[in-house]
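Please read the structure below before turning to the comments.
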2 protein chains.
Amino acid sequence: MTEARRGPRERMVFSAAQLIRRGGVTATGMREVAEHAQAPRGSLQHYFPGGKEQLVNEAVEWAGRYAGRRIGRFLEGLEQPTPSGLFAAMAAQWTDEYADGGFATGCPVAAATVDCASTGDSTRQAAAAAFATWRAPLAEALRGMGVPAARAEPLATLMISTLEGAILMARAERDVRPLTTVVRELGPLLDAAVHS
Amino acid sequence: MTEARRGPRERMVFSAAQLIRRGGVTATGMREVAEHAQAPRGSLQHYFPGGKEQLVNEAVEWAGRYAGRRIGRFLEGLEQPTPSGLFAAMAAQWTDEYADGGFATGCPVAAATVDCASTGDSTRQAAAAAFATWRAPLAEALRGMGVPAARAEPLATLMISTLEGAILMARAERDVRPLTTVVRELGPLLDAAVHS
DNA sequence: GCGCTACTATGACCACTGTCATAGTCGGCT
DNA sequence: AGCCGACTATGACAGTGGTCATAGTAGCGC
């Protein structure tokens with residue numbers, strides 16, 4: 001996931017996202033980001049003249065694009081594409097990560113929203129945009145599975161909301177139970193939307 | 001909601017929860033809490049010898065008890081108690097708050113989880129306990145409405161997860177759309193669990 | 001060689017954090 | 001009155017945050 005062979009700028013954005021996932025926006029320092037990215041500290045002000053706000057916003061945007069791109073990958077991995085299968089795959093990414101890596105990390109977009117929604121408006125907008133770039137391909141995938149166009153966007157919102165909440169609870173409990181539970185409970189509803 | 005007539009200790013716990021709701025745990029300072037509670041700064045170390053960690057944990061526990069107690073209130077407010085109606089009432093608390101107060105505040109338990117799940121284990125446990133004290137009366141309410149005992153807990157987890165995620169998205173978008181959407185989409189599933 | 005740009009390297013600044021130490025005040029008990 | 005516990009009031013400490021200023025280096029066109 002890391003791919004060390006990228007420019008220092010990209011590495012810093014990536015590291016910022018990774019550190020925000022852990023402890024939130026306020027708890028991640030600029031110096032810490034540079035160190036984690038093995039990038040010179042002086043490059044921070046050079047690549048991100050807008051300061052921390054710019055760096056955080058780019059990290060959030062990056063996370064949104066990443067989540068959006070994953071939807072396509074999940075679709076390819078499903079032999080029999082169904083809404084519930086897609087949702088299960090989305091959740092499985094987290095259960096897998098938690099299974100072998102501990103429960104240290106959450107969703108960076110959620111962290112940015114919690115920490116910046118009331119203070120930094122640009123970051124809040126970045127988070128909203130990230131959710132949108134995640135939701136769009138998801139709704140498109142649902143339509144491709146036979147979900148009526150009018151239900152695709154609402155169901156995508158439901159899926160993302162439920163997943164985000166389950167991630168929260170799973171981290172708090174240090175147990176994947178919430179993730180597996182919502183997959184099991186929400187699956188039938190999602191599949192029932194096909195051809196209806 | 002404030003009720004200024006309480007001891008300074010309770011006021012500080014309450015203020016801590018309120019400030020954590022806004023900007024997260026790391027961004028809320030002890031001095032800020034004392035000032036917000038109109039309590040003397042010297043009382044912090046007197047009432048909370050465990051420092052910030054203790055204060056935050058108590059704020060999270062308080063939030064959990066508050067959410068749990070609200071379930072009963074919502075039930076009383078429903079003339080025809082149904083799972084979907086209860087879920088709608090839970091979400092309405094947030095849409096009401098966002099309608100006339102802006103989107104400044106989120107759930108303190110979510111904020112504590114995001115900020116402390118990987119660093120402060122005691123706070124993480126407090127968050128898990130808060131979710132539990134919220135989930136228990138909710139599951140009990142569902143059973144009271146005719147939901148089979150085996151489905152009550154999973155459905156309660158689903159409801160809380162979905163609500164938490166919708167709160168997140170609503171704050172990011174500065175729009176109650178996610179909240180109203182998940183209420184509309186999840187309602188039928190919840191009601192279908194009655195007598196089945 | 002010069003000059004220019006891209007990038008790196010440090011050190012300093014001020015604001016602020018959580019925590020501790022110390023002194024002060026108040027009320028009630030005996 | 002004296003005393004003692006609960007609580008309040010402040011100041012100081014060491015650490016860290018983001019940001020700025022300044023100087024240095026590498027590479028390239030000329």
Side-chain angles (χ1 to χ4, degrees), chain A residues 4-60 108 111-112 114-116 118-124 126, chain B residues 4-20 22-60 111-112 114-116 118-124 126:
Chain A
R5 286 300 157 264
R6 270 186 294 201
R9 214 200 112 105
E10 278 184 85
R11 286 209 313 274
M12 282 191 278
V13 172
F14 178 80
S15 287
Q18 197 136 335
L19 292 173
I20 289 170
R21 268 156 56 87
R22 276 208 224 299
V25 172
T26 319
T28 26
M30 300 283 274
R31 293 166 171 84
E32 193 185 0
V33 171
E35 190 179 8
H36 183 275
Q38 288 182 317
R41 185 162 81 85
S43 300
L44 279 170
Q45 70 177 290
H46 182 255
Y47 289 116
F48 308 96
K52 186 178 188 177
E53 194 171 346
Q54 180 185 358
L55 176 58
V56 169
N57 292 0
E58 294 201 22
V60 170
V114 164
D115 285 350
C116 306
S118 63
T119 54
D121 197 66
S122 74
T123 305
R124 196 219 88 231
Chain B
R5 287 300 158 265
R6 268 186 293 202
R9 214 199 112 104
E10 280 184 84
R11 285 209 313 275
M12 282 190 278
V13 173
F14 178 82
S15 287
Q18 197 136 335
L19 292 173
I20 290 170
R22 276 208 222 302
V25 172
T26 319
T28 31
M30 301 283 273
R31 293 164 169 86
E32 192 185 1
V33 170
E35 190 179 7
H36 183 273
Q38 289 182 319
R41 185 161 80 85
S43 300
L44 279 171
Q45 72 178 289
H46 182 256
Y47 289 116
F48 307 96
K52 186 177 187 178
E53 194 171 347
Q54 181 185 357
L55 176 58
V56 169
N57 293 0
E58 293 201 23
V60 169
V114 164
D115 285 351
C116 307
S118 62
T119 54
D121 198 66
S122 73
T123 305
R124 196 219 89 232

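Reminder, nothing fancy here: chain letters follow the sequence lines and each chain counts from 1.
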Atom pair distance, as rounded to whole Å: CZ in B:R9 and P in D:dT8: 12 Å
What's the spacing between B:D115 CG and A:T26 OG1 if we round to 0.5 Å? 6.0 Å
B/S/- along nucleotides 19-24 of chain D (protein heavy atoms under 4.0 Å) is BBB---
Base, sugar-phosphate, or nothing for A:T28, non-hydrogen atoms under 4.0 angstrom? sugar-phosphate
Tell me the interatomic distance from B:Q54, atom CD, to C:dG18, atom P, rounded to whole angstroms. 15 Å
Under a 3.5 Å distance rule, please check whether B:S118 uses its side chain to pair with a backbone N or O of A:R22 as donor and acceptor. yes
Within this structure, what is the NE2-to-P distance between B:H46 and C:dT19, rounded to whole angstrom? 17 Å
Shortest non-hydrogen contact between B:K52 and B:V25, atoms and distance: NZ-O, 3.2 Å
Residue whose closest nucleotide on DNA chain C lies nearer the 5' end, B:E32 versus A:S43: A:S43
Quick one: which of B:E53, B:E58, B:M30 gives a side-chain contact (heavy atoms from CB on, under 4.5 Å) with B:F48? B:E58
Rounded distance [0.5 Å steps], CZ in B:R9 versus CG in B:L55: 8.5 Å
Nearest whole Å is fine: how far is C:dT17 C1' from B:E35 CD? 15 Å
In whole angstrom, give the distance that lies between atom CZ of A:F48 and atom C1' of C:dC7. 14 Å
With B:S15 as partner, the option from B:Q38, B:E35, B:H36 fulfilling side chain to side chain donor-acceptor pair (under 3.5 Å) is B:H36
When the nearest nucleotide of DNA chain D is assigned to A:V25 and to B:A39 on a heavy-atom basis, which residue is associated with the more 5' position? B:A39
